[in-house]
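Here's the structure, in structure tokens; my notes come after.
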Amino acid sequence: MAQGKSDPNYKIAAENRRARFDYAIEDDIECGVVLEGSEVKALRAGGANIAESYAAVENGELWLVNSYIAPYTQAKSFKHDERRRRKLLVTRKQLGNLWNATQRKGMTLVPLVLYFNHKGMAKIKIGIAKGKKLHDKRDTSAKRDWGRQKQRLLKQGG
């Protein structure tokens, strides 16, 4: 995902910025997303939100639940439902690993970023995460603040 500046096809459609604050991300995986035509157009226009969504393994399939893709205004008869469940595409081996991870205590599947890759295909990065306690969030915040303070001091000194 570091190719964002030079690649004309790469574009971030939606990002879950609170995910790394609320969850300890153990691993992440790239998945394909099954979308309708008007959803792709709306994503390219920038109308998406994955902050309140999650992924779930149900009946041997991986689903993205409660994600929002804004309606595409130019779509005449083929409009999509904004909050519908969207199927995610992974290999069987990856699906088995995700199912095993969610069966462990406190593990969940959190969407991190929804983007178009260098080929122009819609992809979503799913993180296998464990929820943080309040004191863990405070530690994360304190480390972030210390890093900012350290950078400020280095700029002043050099």
Could you walk me through whether Ser53 and Val65 pass the side-chain contact (heavy atoms from CB on, under 4.5 Å) check?
CA-CA 6 Å; Ser53 62; Val65 182; over 6 Å; no
Contact check, side chains of Val33 and Leu89, non-hydrogen atoms, under 4.5 Å:
no
Partners of Asp22 by side-chain contact (heavy atoms from CB on, under 4.5 Å), sequence neighbours excluded?
Arg18, Lys137
With sequence neighbours excluded, what pairs up with Lys11 under the salt bridge (Lys or Arg N to Asp or Glu O under 4.0 Å) test?
none
Indicate yes or no: at least one non-hydrogen side-chain atom of Ile124 is less than 4.5 angstrom from one of Leu64.
yes
Verify the cluster assignment for Tyr115 and Leu62: are they in a single hydrophobic cluster under the rule of side-chain heavy atoms below 4.5 Å apart?
no
Within the 6.0 Å centroid threshold, strictly below: Tyr10 and Phe116
no
Distance-minimising heavy-atom pair for Val90 and Cys31:
CG1-SG, 3.3 Å
So, for Ala19 and Pro111, which heavy atoms are closest and what is the spacing to 0.1 Å?
CB-O, 4.5 Å
Can you tell me how far apart NZ (Lys125) and CG (Leu114) are? Round to the nearest 0.5 Å.
12.5 Å
For Tyr68, look at atom OH and say whether over 12 heavy atoms of other residues, nucleotides or ligands are found less than 6.0 Å away.
yes
Any chance you could lay out the side-chain contact (heavy atoms from CB on, under 4.5 Å) test for Glu30 and Gln94, step after step, and finish with the verdict?
CA-CA 10 Å; Glu30 183 183 64; Gln94 290 172 333; over 6 Å; no
Around Trp63, counting heavy atoms of other residues, nucleotides and ligands shown, do more than 12 lie under 6.0 Å from its CH2?
yes
Taken to the nearest 0.5 Å, the spacing of Leu109 CG from Tyr23 OH works out to 10.5 Å
Check the pair Ile126, Asp28 against side-chain contact (heavy atoms from CB on, under 4.5 Å), reporting the backbone distance first and the verdict last.
CA-CA 5 Å; Ile126 300 289; Asp28 59 1; over 6 Å; no
When you compare the side chain of Val110 with that of Tyr54, does any pair of heavy atoms fall below 4.5 Å?
no
Show, in sequence, the C-alpha distance, side-chain angles and deciding distance for Ile12 and Val113, and conclude whether the side-chain contact (heavy atoms from CB on, under 4.5 Å) test is met.
CA-CA 7 Å; Ile12 293 177; Val113 62; 3.8 Å; yes
Measuring only between side-chain heavy atoms, which start at C-beta, is Ile50 closer than 4.5 Å to Asn66?
no
Donor-acceptor pair, Glu61 side chain versus Glu58 backbone, under 3.5 Å?
no
With a 3.5 Å cut-off and no angle check, do the side chains of Tyr72 and Glu36 form a donor-acceptor pair?
no
Once side-chain hydrogen bond (donor to acceptor under 3.5 Å, both in side chains) is applied, what residue pairs with a partner in residues 37-49 remain, sequence neighbours excluded?
Ser38-His80, Glu39-Arg84, Glu39-Arg86
Using side-chain heavy atoms (C-beta onward) and a distance below 4.5 Å, is Leu112 in contact with Asn16?
no
Just how far is it from atom CG of Leu35 to atom CG of Leu43, taken to the nearest 0.5 Å?
6.0 Å
Minimum heavy-atom distance Ile128-Ala101, with the two atoms named:
CG2-CB, 3.6 Å
